[in-house]
2 protein chains.
Amino acid sequence: MSFEGPLQRLVDELARLPGVGRKSAQRIAFHLLSVDETDARRLAQAIIDLRDRVGYCRRCFNVTSSDECAICRDPRRDPAVVCVVERPQDVVVMERTHEFHGRYHVLGGALSPISGIGPNQLRIPELRRRVAEEDIEELIVATNPTVEGDATAMYISREFKPLGVRVTRLASGLPVGGDLDYADEITLGRALAGRVEI
Amino acid sequence: MSFEGPLQRLVDELARLPGVGRKSAQRIAFHLLSVDETDARRLAQAIIDLRDRVGYCRRCFNVTSSDECAICRDPRRDPAVVCVVERPQDVVVMERTHEFHGRYHVLGGALSPISGIGPNQLRIPELRRRVAEEDIEELIVATNPTVEGDATAMYISREFKPLGVRVTRLASGLPVGGDLDYADEITLGRALAGRVEI
């Protein structure tokens, strides 16, 4: 036996969310049944608003509730430097450093031939158009330090350097505050190869 | 920097759910942004339906979308035996055994003087009314085998035995398929005290 109609339907919908199993789905459903009705409705409304009002920036494909995202609209941001990231979440992570003052370009993933993701499945054609139309001097590739992220960085470097754009990649190395003992050998190897004069 | 308006609001709402941290909330929000619009709206609608259509059974306080729950309405269920559980979820767990054919009574929790939960914060007055009005012969107390659950069972036994009702409690002991090595000493002690002739 499972629950009656509407309760079971909510459990089923919740269990489809990433990282939510059947047990958590049940727990969340009962939570939503026991909280103030306005709280539950506010969550439902937030989901509806998300789909009604949030889309992607037509320039950089960051998430936004306008036509262009707040970063692209900001006249203080340097349009000559573009940080290329995999996902909109990465924009927020980069912004937290307060060290980057250019614009972004969200690829929507990384190259992965095994999963059938080539340059045209990502927003690489759109990046090419931006490089042709905007005065972009440097692309800082901030894809993840994974096989796919590295391959994407290499691809972008090969494609855009010939167009006269400087292409750089985030440094790999030891995490600040980390311990040599805990660094894996690949990270340590990269830190060694990328050593800097002091 | 956090996300723009509606996205951040959804992340905030999701992060209030039990077992959902800020990272999972973000992940779920981006998932809801990327899935088919109908999928996202179906989840919102399921939450609204839950609050519009699901309530508590007026007899046993199980969740239901009717006035009385499916179990209380079922004429094949024995009205003389009532299984007393803490939460509506426990009804589903009991039903999965296919071994119980009576009705239920959902207390809405367990006695916990520390948290200010006394008999009147639970549905014990309602249980008293049922015992007075219905022909109940046995109360099977299936509260959790915890301090609070045990205290609740003791309380129910003391209150309802004088009214001529048989009060029983689920057996404590070794989980079937378990291993003596892994049993904690309290469980093992109870299994010993509750040993049965073979």
Side-chain angles (χ1 to χ4, degrees), chain A residues 1-14 16-21 23-24 26-35 37-56 62-66 69-71 87-89 91-92 94-96 98 108, chain B residues 1-14 16-21 23-24 26-35 37-56 62-66 69-71 87-89 91-92 94-96 98 108:
Chain A
M1 179 211 160
S2 54
F3 300 107
E4 287 186 43
L7 179 56
Q8 187 59 42
R9 271 200 295 285
L10 178 59
V11 171
D12 291 343
E13 289 297 332
L14 289 168
R16 300 169 57 150
L17 299 176
V20 179
K23 277 272 170 193
S24 328
Q26 232 184 69
R27 197 165 150 219
I28 294 172
F30 275 101
H31 171 83
L32 288 173
L33 193 58
S34 65
V35 294
E37 177 147 0
T38 50
D39 285 356
R41 286 186 186 278
R42 214 170 43 231
L43 171 58
Q45 193 55 49
I47 296 170
I48 292 167
D49 285 350
L50 177 83
R51 294 307 301 236
D52 281 348
R53 297 176 44 200
V54 177
Y56 296 99
N62 185 13
V63 287
T64 178
S65 36
S66 320
C69 76
I71 294 170
R87 304 168 312 154
Q89 293 93 306
V91 171
V92 179
M94 286 297 295
E95 285 298 287
R96 281 203 200 110
H98 298 292
Chain B
M1 181 211 162
S2 55
F3 300 107
E4 286 187 40
L7 179 57
Q8 187 59 43
R9 270 200 296 284
L10 177 58
V11 171
D12 291 342
E13 289 298 330
L14 288 168
R16 299 168 58 149
L17 299 176
V20 179
K23 278 272 172 196
S24 330
Q26 232 183 68
R27 198 166 149 218
I28 294 172
F30 275 100
H31 170 84
L32 288 173
L33 193 58
S34 65
V35 294
E37 177 145 0
T38 49
D39 285 357
R41 286 185 187 278
R42 214 171 43 233
L43 171 59
Q45 194 55 49
I47 296 171
I48 292 167
D49 284 351
L50 177 83
R51 294 308 301 237
D52 281 348
R53 298 176 44 200
V54 177
Y56 296 99
N62 186 11
V63 287
T64 179
S65 36
S66 321
C69 76
I71 295 169
R87 305 168 313 155
Q89 293 95 306
V91 171
V92 179
M94 286 298 294
E95 285 298 286
R96 281 203 201 110
H98 298 291

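Here is the naming used below: chain letters follow the sequence lines, and residue numbers restart at 1 for every chain.
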Checklist entry - Once you round to the nearest 0.5 Å, how far does CZ of A:Arg41 lie from CG of B:Leu50? => result 10.0 Å
Checklist entry - Given A:Arg42 and B:Asp12, is the salt bridge (charged side-chain N to carboxylate O under 4.0 Å, His left out) satisfied, shown in steps? => result CA-CA 11 Å; A:Arg42 214 170 43 231; B:Asp12 291 342; over 6 Å; no
Checklist entry - So which of A:Arg53, A:Arg87, A:Glu37 has the biggest tally of heavy-atom pairs under 4.5 Å with chain B? => result A:Glu37
Checklist entry - Picking from B:Ala44, B:Ser34, B:Pro88, B:Ala70, which has the most non-hydrogen pairs under 4.5 angstrom with chain A? => result B:Ala44
Checklist entry - So which heavy atom on A:Ala40 is nearest to which on B:Ile47, and how close? => result O-CG2, 3.4 Å
Checklist entry - Quick one: of B:Val20, B:Leu14, B:Leu43, who has the most non-hydrogen atom pairs under 4.5 Å with chain A? => result B:Leu43
Next on the checklist: Heavy-atom pairs under 4.5 Å with chain B: which of A:Arg16, A:Glu13, A:Arg27 has the most?
Outcome noted: A:Glu13
Checklist entry - Using a cut-off of under 4.5 Å for heavy-atom pairs, which of B:Ser65, B:Gly19, B:Cys69 has the most such pairs with chain A? => result B:Ser65
Checklist entry - Do you know which of B:Val11, B:Leu32, B:Val35 has the most heavy-atom pairs under 4.5 Å to chain A? => result B:Leu32
Item to check | Minimum side-chain heavy-atom gap B:Tyr56-A:Leu33 below 4.5 Å | outcome: yes
Checklist entry - Less than 4.0 Å between a side-chain N and a carboxylate O, is that true for A:Asp39 and B:Arg51? => result no
Checklist outcome for this item: Here the pair of heavy atoms bringing B:Ile28 nearest to A:Pro18 is CG1-O, 3.8 Å
Item to check | Residue part contacting chain B, namely of A:Thr64, when any heavy atom lies under 4.5 Å | outcome: both
Item to check | Within-4.5 Å side-chain heavy-atom neighbours: B:Leu10 and A:Asp49 | outcome: no
